[in-house]
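Here is the structure we will look at, set down as structure tokens.
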Number of protein chains: 2
Amino acid sequence: MASHTRRRVRAADVAKAAGVSPTAVSFAFNPRETGNISPETKQRILDTAERLGYEPNHVARSLRSQTTHSIGMVTDSVASSPFGGRLLAAAAERAEAAGHIMLVMDLHSRDEREAAAIHELERRQVDALIYASMGFRILSSGPRTYLPVVLANCTAEREDELSVYPDDAYGATRALEHLADLGHRRVTMLSGHWNPLGPRDNQGNISGPLRRDAFLAAARSRGVEATIIEGGWDIDDGYHAAMSALDRPSDQRPTGLFAVTDRSAVGAMLAAARLGLDVPGDLSIVGFDDQEKMAENTVPPLTTIALPHARMGEEAVAMALAAVAGETIVDRRRALPCELVVRESTAPPRWSLTAPPR
Amino acid sequence: MASHTRRRVRAADVAKAAGVSPTAVSFAFNPRETGNISPETKQRILDTAERLGYEPNHVARSLRSQTTHSIGMVTDSVASSPFGGRLLAAAAERAEAAGHIMLVMDLHSRDEREAAAIHELERRQVDALIYASMGFRILSSGPRTYLPVVLANCTAEREDELSVYPDDAYGATRALEHLADLGHRRVTMLSGHWNPLGPRDNQGNISGPLRRDAFLAAARSRGVEATIIEGGWDIDDGYHAAMSALDRPSDQRPTGLFAVTDRSAVGAMLAAARLGLDVPGDLSIVGFDDQEKMAENTVPPLTTIALPHARMGEEAVAMALAAVAGETIVDRRRALPCELVVRESTAPPRWSLTAPPR
DNA sequence: CTGTTAGCGCTTTCAA
DNA sequence: TTGAAAGCGCTAACAG
């Protein structure tokens, strides 16, 4: 094996080569107001450093400055979720832009590991902690630590905890209004139930009821007849729910469907195909999530509500950094809008080309 | 805001409280062969440490021992891919079990950031590097660094680079054999083409041709008539490919379909539904990937070939750790088998209940 | 403007 | 078996 032993060059080496003291080197790399060095010296040092391939040793710097420029992320399986990784990726990118790095601890759906994970992150002296949940939940309290924490894709009962989460109600409202604007007067929602004991990766996820209630409220205020079918979140759940909603005479059949997830929407498309219903001709479908490689690629492409995963990751890091800097943060709870993405699975109902019903 | 300023307790504090020297504390936490302390002293120290809530400072320890117990992971968007996150999560878990932690740098599909990312990881003194690709690719050479590197979900032309990747050919062979064993004599594969300039997240992905060639070879050796339709990897691609394969008289129609991805398989299911074909009655479908919340939840549940993402993550970490420890690694390239997962989308073809064709 | 010096908190020879 | 002292590589008072 090749010799990996190329000894790293230290500040002292650069100092000697440039004929200055280690302090000067430090100053060259950490510009400051007062007690500065002359531009020429600085340039000479930087050149020498470059020539020697000098890189400040981050560990030594961290020990001295008591800040590691790193942010810990503990996730209850976000990293392994179908789209939650976007949150992590966006957070990592935002952190990097600020000279920080993300340390990841995935709980892998085993809560008892939480304390240990946080402990480890504390030992590693991370500057702050982001706690990301896979499903949108309300925690009775944030993780116990002396570090600044921001909750991502979840929030806490205590109002002073820092958190970013999706505004599900806003998204569901957008969905109904889109359908209503198109002229639909009878719609049904394939809803995801709230299940405190459900599959671990969806435990206590409250997006379902949030979306349902907002959808219902919006329907009421727009005078649209709305029905709810409670069910699960996956393709098969959507399929079965849609089957029961659609397998009936056309004058009783909804013309618009709002699925609690894109996966459920795909199931609904399958059901429609089985029933010989054209989308969007006979039936409009709106999903939720804007899941990658999914919503965009259904046939026809799915109109849906986008979950702001990337923005949550960015905001979480921004808040964490602000907290570290000791800034006062005004909006400690940030609900990010879930915006409508119009594609081709929605259209005016057929009858609207002739005359509205009733 | 609560006082976050609870000063950390140091080894010296414990030493004083226990009436020993800092050295003794260090010994208590780092058991060694020689130069040891008495069991009683050790116990007393440990108790005191516990009582005071002492945690060795990882940064100081790293500086001293020149090892950070951390592994850098640079990904060309694995973290943000629909299932690649599993690789990261598994790696993180495996690393944690060995007292290491993962530092993540997501390139976010911008290659020019690669050098900078690796640089940053070097500065942070990670012990080793895992380079994970989203699609299975063959790199002309691994990333340039003095650190030990292992390639995950990709490999390099040079034979001595460490890598773990899926054995696509094995998986495709399994798929055909499953179909053949069921009695299918006419099958078609919805293949994913190799596209060196394709969408960035799939650039140079070589899984398509690998799967196709193996499938074809297996078909030949089993005397099965196989057709290929080249196309893309997503739901819509599978839909269109399946439409062209299936929209014909039943005596010319394949009875089995092998889709290059689970997404493509979902598209094929949609097409089958449109055409009034029953799965698996009229048509058996096999996917590839075993994508989470997808393969398991189609209607009917999809028989597929599982990509070993979790195992890749684990093996990558194991290899990295072995390399750090200076162990000689024998199989430097590890192709992990993609195993068949039988669910309900495959069955014997209808005619086999009566008589085989021809 | 520049250099000397003293740590950050820990590990580890070496001597007691 | 235990402790004193040096030092990992860097930063930041304080002098010069």
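What's counted below: heavy atoms across the whole structure, side chains too, no hydrogens, waters or symmetry copies. So that the names make sense, note that chain A is the first sequence line, chain B the second, and so on, each numbered from 1.
- Partners of A/Arg311 by salt bridge (Lys or Arg N to Asp or Glu O under 4.0 Å), not counting sequence neighbours, listed by chain and number: A/Glu315.
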Strictly under 3.5 Å: I want the nitrogen or oxygen pairs between protein and nucleotides 12-16 of chain C, one per line.
from   : atom 1 : to      : atom 2 : distance (Å)
C/dT12 : OP2    : B/Arg32 : NH2    : 2.9
C/dT12 : O4     : B/Thr23 : OG1    : 3.2

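- If you measure from atom CD of B/Glu122 to atom P of D/dG9, you get 16 Å, rounded to the nearest angstrom.
- Straight-line distance from the CZ atom of A/Arg44 to the C1' atom of C/dT2: 11 Å, rounded to whole Å.
- B/Phe29 comes within contact range of no nucleotide atom at all, as no heavy-atom separation falls under 4.0 Å.
- Residue A/Ile45 contributes atom CD1, which lies 11 Å from atom C1' of C/dC1 at whole-angstrom precision.
- One axis for each end of the helix from C/dC1-D/dG16 to C/dA16-D/dT1, each built from five base pairs, and the angle between them comes to 40° at 10° resolution.
- An OP1 or OP2 oxygen of C/dT2 is reached within less than 4.0 angstrom by a side-chain nitrogen or oxygen of A/Thr41.
- Here C/dG9 presents its C1' atom at 13 Å from CZ of A/Arg123, a figure rounded to the nearest Å.
- Picking from D/dT2, C/dG3, D/dC8 the nucleotide with the shortest atom distance to the side chain of A/Ser21 gives C/dG3.
- Salt bridge present: B/Asp13 and B/Arg10 bring a charged side-chain N and a carboxylate O closer than 4.0 Å.
- Using a 4.0 Å heavy-atom cutoff across all strands shown, B/Val25 reaches no nucleic acid atom at all.
- Within the 4.5 Å cutoff, the side chain of B/Asp106 has no heavy atoms near those of the A/Glu93 side chain.
- Rounded to whole Å, atom P of D/dG3 lies 15 Å from atom NZ of B/Lys16.
- In this entry the distance linking CG of A/Asn57 with C1' of D/dG9 reads 6 Å, nearest Å.
- Remark on DNA chain D: of its neighbouring residues A/Glu55 and B/Pro39, the 5'-side contact belongs to B/Pro39, judged by nearest-heavy-atom nucleotide.
- Atom P of nucleotide C/dG7 and atom CG of B/Leu63 are separated by 17 Å, given to the nearest angstrom.
- One finds no salt bridge joining A/Arg332 and A/Glu159 here, because no Lys/Arg side-chain nitrogen approaches an Asp/Glu carboxylate oxygen to under 4.0 Å.
- Within the 4.5 Å cutoff, the side chain of A/Arg124 has heavy atoms near those of the B/Ile101 side chain.
- Residue A/Gln66 has a polar side-chain atom (N or O) positioned under 4.0 Å from OP1 or OP2 of C/dG9.
- Atom NE2 in A/His58 sits about 12 Å away from atom P in D/dC10, given to the nearest Å.
- Distances from the side chain of B/Ser38 to the nucleotides D/dC10, D/dT2, C/dC8 place D/dT2 closest.
- The aromatic rings of B/His100 and B/His69 sit tilted relative to each other, their planes meeting at an angle between 30° and 60°.
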Show which side-chain atoms of residues 17-29 of chain B pair as donor or acceptor with protein atoms under 3.5 Å away, not counting sequence neighbours.
from    : atom 1 : to      : atom 2 : distance (Å)
B/Ser21 : OG     : B/Thr23 : N      : 3.2
B/Ser21 : OG     : B/Ala24 : N      : 3.3
B/Ser26 : OG     : B/Asn30 : ND2    : 3.3

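- Counting only residues at least two apart or in different chains, salt bridge (Lys or Arg N to Asp or Glu O under 4.0 Å) contacts with residues 39-48 of chain B are absent.
- Shown here are the side-chain hydrogen bond (donor to acceptor under 3.5 Å, both in side chains) partners of A/Glu314, two or more places apart in sequence or in another chain: there are none.
- For the pair B/Glu96/A/Arg113, a side-chain contact is recorded, criterion being any heavy-atom separation below 4.5 Å from C-beta on.
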